[in-house]
Student: 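Below: one structure in C-alpha cells.
Index from 1, following the sequence.
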Amino acid sequence: MSNSSQEPQLTKVTPDSNSVQSYLNILQGIITRMATNSASCKTWCISLVSAILVVIADKNKPNYAWISLIPIVLFFLLDSYYLGQERSFREIYNNFIKDLHSGAITTDKLFILKPPRGMNVVNLLLSSSLSFSVYPFYLTLLLTVVIARYLIL
C-alpha cells in the first residue's frame, strides 16, 4: 500500500526567484502602506486640531480648547501603532534577506507575514511612541494648543 499523502519536498529558493521577488514586493508594499498611514495621521491631526481651534476662537469659548486634546491623543496612539507595525515588517524583511543570503530560505518560509515572536501591542506602542518621528510632533502640537488657549484665545 503506497502513502499518497507524502509531505511536499522543501526546496531552497534563490534571490532571483519569482516567488522571492513577489514576497519582497508584498513586504515592501506593507511597509510603504504603514509609512503612508503614519503620515496621514499627522496630516489629519493638524487639520482637526486647527479646525477645532478656529471654531472655538469664533465662538469665543477658550475653555473648549481642551477638546482638541482628544484627536491629539488618538492620533498619537494610532501613529505610534503604525510606526511599530512598520518596524516589525521591516524586521521581517531584513531577517528574510539575511536568511536568503545565507542560503537558509526554503519554500515553506515564503509568504509568511506573522509579526515576530514576543511582539505585543503595548510594547509596540511604548517603543514607537518614543521615536523621534512621533513624540516631538505631538508634543509640539500639544504646546501649540496650550499657547493658543492661554495667549491667543
Student: Determine which pairs satisfy ring pair (Phe, Tyr, Trp, His ring centres under 6.0 Å) with at least one residue from residues 22-62, sequence neighbours left out, and list them in order.
Tutor: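 Listed once each, the pairs are Y23-F96, Y23-F111.
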Student: Show me the pairs that pass salt bridge (Lys or Arg N to Asp or Glu O under 4.0 Å) and involve residues 35-49, at least two apart or across chains.
Tutor: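 Passing the test, one end in residues 35-49: K42-D79.
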Student: Is N25 reaching over with its side chain to a backbone N or O of Q21, donor-acceptor style, under 3.5 angstrom?
Tutor: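 Side chain of N25 to backbone of Q21, a donor-acceptor pair under 3.5 Å: yes, one is there.
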Student: If you count the non-hydrogen atoms of other residues, nucleotides and ligands that lie under 6.0 Å from CG in N63, is the total more than 12?
Tutor: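 Result for CG/N63: enclosed.
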Student: Take L130 and L126 through the side-chain contact (heavy atoms from CB on, under 4.5 Å) test and state the conclusion after the steps.
Tutor: CA-CA 7 Å; L130 298 175; L126 287 176; 5.9 Å; no
Student: Indicate yes or no: at least one non-hydrogen side-chain atom of I52 is less than 4.5 angstrom from one of V145.
Tutor: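 SC-SC contact between I52 and V145 ruled out.
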Student: So do the side chains of L124 and L83 get within less than 4.5 Å of each other, counting heavy atoms only?
Tutor: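 When only atoms from C-beta onward are counted, L83 and L124 do not touch, as no gap falls below 4.5 Å.
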Student: Let me confirm one number: the CG-NZ distance from N95 to K109, rounded to the nearest 0.5 Å.
Tutor: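 Spacing of CG (N95) from NZ (K109) equals 10.5 Å.
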Student: Determine whether I72 and V146 fall in the same hydrophobic cluster, where Ile, Leu, Val, Met, Phe, Trp and Tyr are linked whenever their side-chain heavy atoms lie under 4.5 Å apart.
Tutor: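 In one cluster with I72: V146, yes.
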Student: Check whether any side-chain heavy atom of T36 sits under 4.5 Å from a side-chain heavy atom of T32, and report yes or no.
Tutor: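 They are in contact (side-chain heavy atoms under 4.5 Å apart), so the answer is yes.
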Student: Mind checking whether I70 and L78 sit in one hydrophobic cluster, side chains of I, L, V, M, F, W, Y counted as touching below 4.5 Å?
Tutor: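 Shared cluster, no.
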Student: Measure across S68 and A65 and return the closest heavy-atom pair with its distance rounded to 0.1 Å.
Tutor: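 Smallest interatomic distance, heavy atoms only, reads OG-O, 2.6 Å.
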Student: Any chance you could lay out the side-chain contact (heavy atoms from CB on, under 4.5 Å) test for F76 and C45, step after step, and finish with the verdict?
Tutor: CA-CA 9 Å; F76 171 74; C45 190; over 6 Å; no
Student: Please determine whether side-chain contact (heavy atoms from CB on, under 4.5 Å) holds for the pair V49 and F75, giving the CA-CA distance in whole Å, both sets of side-chain angles, and the decisive distance to 0.1 Å.
Tutor: CA-CA 11 Å; V49 169; F75 280 110; over 6 Å; no
Student: Check whether any side-chain N or O of E86 sits under 3.5 Å from a backbone N or O of I30 as a donor-acceptor pair, and report yes or no.
Tutor: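 Side chain of E86 to backbone of I30, a donor-acceptor pair under 3.5 Å: no, none is there.
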Student: Could you measure the distance from the CD1 atom of I67 to the CG atom of L48? Nearest 0.5 Å is fine.
Tutor: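 Going from CD1 on I67 over to CG on L48, the span is 12.5 Å.
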Student: From C41 SG over to I46 CD1, what is the distance, rounded to the nearest 0.5 angstrom?
Tutor: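 Answer for the SG-CD1 pair, C41 versus I46, is 11.5 Å.
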Student: Examine W66 and L141 and state if one hydrophobic cluster contains both, with Ile, Leu, Val, Met, Phe, Trp and Tyr joined whenever side-chain heavy atoms are less than 4.5 Å apart.
Tutor: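 Yes; tracing contacts between hydrophobic side chains, which count when under 4.5 Å, links both residues.
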Student: Of all the heavy-atom pairs spanning S128 and S80, show the shortest one and how long it is.
Tutor: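 That closest heavy-atom pairing would be OG-O, 2.5 Å.
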Student: Taking the side chain as everything from C-beta on, heavy atoms only, tell me whether M34 gets closer than 4.5 Å to I31.
Tutor: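 They are not in contact (no side-chain heavy atoms under 4.5 Å apart), so the answer is no.
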Student: Any carboxylate oxygen within less than 4.0 angstrom of a Lys/Arg side-chain nitrogen, looking at E91 and R87?
Tutor: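 So E91 does not pair with R87 through a salt bridge.
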Student: Is a side-chain donor or acceptor of T144 paired with a backbone partner of T140 at a separation under 3.5 angstrom?
Tutor: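 Indeed, once roles are kept as given, a pair shorter than 3.5 Å links the two residues.
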Student: Would R149 and L53 satisfy side-chain contact (heavy atoms from CB on, under 4.5 Å), going step by step from the backbone distance to the final call?
Tutor: CA-CA 9 Å; R149 163 59 184 96; L53 291 177; over 6 Å; no
Student: Using atom types as modelled and distance alone, determine if a side-chain donor or acceptor of S50 lies under 3.5 Å from a backbone N or O of S47.
Tutor: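 Checked: no pair found.
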Student: Applying a strict under-4.5 Å side-chain criterion to I, L, V, M, F, W and Y, I'd like to know whether L110 and L113 cluster together.
Tutor: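 Shared cluster, yes.
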Student: Find out if a path of hydrophobic residues (ILVMFWY) with successive side-chain heavy-atom gaps under 4.5 Å connects Y82 to L74.
Tutor: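 No; tracing contacts between hydrophobic side chains, which count when under 4.5 Å, never links both residues.
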Student: Can you measure from CD1 (I92) to CD1 (I112) and round to the nearest 0.5 angstrom?
Tutor: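 Those atoms lie 9.5 Å apart.
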Student: Nearest 0.5 Å, what's the CD1-CG distance between I105 and D99?
Tutor: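 Spacing of CD1 (I105) from CG (D99) equals 4.5 Å.
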